[in-house]
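Have a look at the structure below before the remarks.
Atoms within a ligand are numbered from 1 in the order they appear, just like the ligands themselves. No experiment lies behind these values; they were computed from the predicted model shown.
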Amino acid sequence: MAASRSETARDGLPPWAVVSSTRAAHIGRVVALLDAWAEARGLPAGERARWRQAGWLHDALRDAPQEELEQWSGEVASRGLIHGPAAAARARAEGVTDAEVLEAVAYHTVGHASWGDLGLALYAADFLEPERPFAQAERAELAARFPDERDAVIRRVIAMRVAHAERKGRALRPETVAFIARWER
Ligand SMILES: [Fe+2]
């Protein structure tokens, strides 16, 4: 998908995005996966557009300088979290008012217990887009199952991401702990 730019980030990266070409390609694949899932679910056009918008926005400031990220996130957050809150704050300042889209973007790297369908879809699509270099067969299978078996796929994505964090010796953030607790029932 072409990484065109649009004011609303409904059909492309927002004009204020700071992303490398590699990142733009990743974002395009996440949007394509979200759109395919939304279509497979039979969601109405307006809802599909919201899923795509969350995809276009989620990494829009991923390659911005640290000072810009801190300016927008309004806090000195640790590395894993700062670019999501910064992109959400910037999008809000640019007139995006959809709270579910903004919350999906803000927490896409760590998970959030309050998420509905849209936040869960972005979290899964970011991890399952086809060009990530690891576990490609399993991730492709999970991506294919998402429209019909969302909850099982989310549980598996959480398990893979937590295992990765443990291998890297990274402590889980409080948002992640709360998110996981919801899915362990
Ligand atoms: Fe991403």
task = Would you mind checking if R132 and D126 are paired as a salt bridge, meaning a charged N to carboxylate O distance below 4.0 Å?
result =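 Salt bridge flag = yes for R132 with D126.
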
query = Among side-chain atoms of Q71 and E67, is any donor-acceptor pair under 3.5 angstrom?
reply =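 No - no donor-acceptor pair under 3.5 Å links their side chains.
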
query = Does a donor on one side chain sit under 3.5 Å from an acceptor on the other, for H26 and E129?
reply =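 Looking only at side-chain atoms, E129 and H26 do form a donor-acceptor pair, the distance falling under 3.5 Å.
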
ask   = Which atoms of the protein, restricted to N, O or S, are nearer than 2.8 Å to the Fe ion (ligand 1)?
value =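 Sorted hits: H26 NE2, H58 NE2, D59 OD2, D126 OD1.
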
Only pairs under 3.5 Å count here: list side-chain donor-acceptor contacts from residues 159-169, not counting sequence neighbours, and write none if there are none.
from: R161; atom 1: NH2; to: T109; atom 2: O; distance (Å): 2.8

task = Starting from the C-alpha separation in whole Å, work towards a yes-or-no answer on ring pair (Phe, Tyr, Trp, His ring centres under 6.0 Å) for Y107 and W115.
result = CA-CA 9 Å; Y107 294 101; W115 274 343; 7.3 Å; no

Non-hydrogen atoms of H58 and V105 that approach each other most closely =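 For H58 versus V105, the nearest heavy atoms are CA-CG1, 3.9 Å.
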
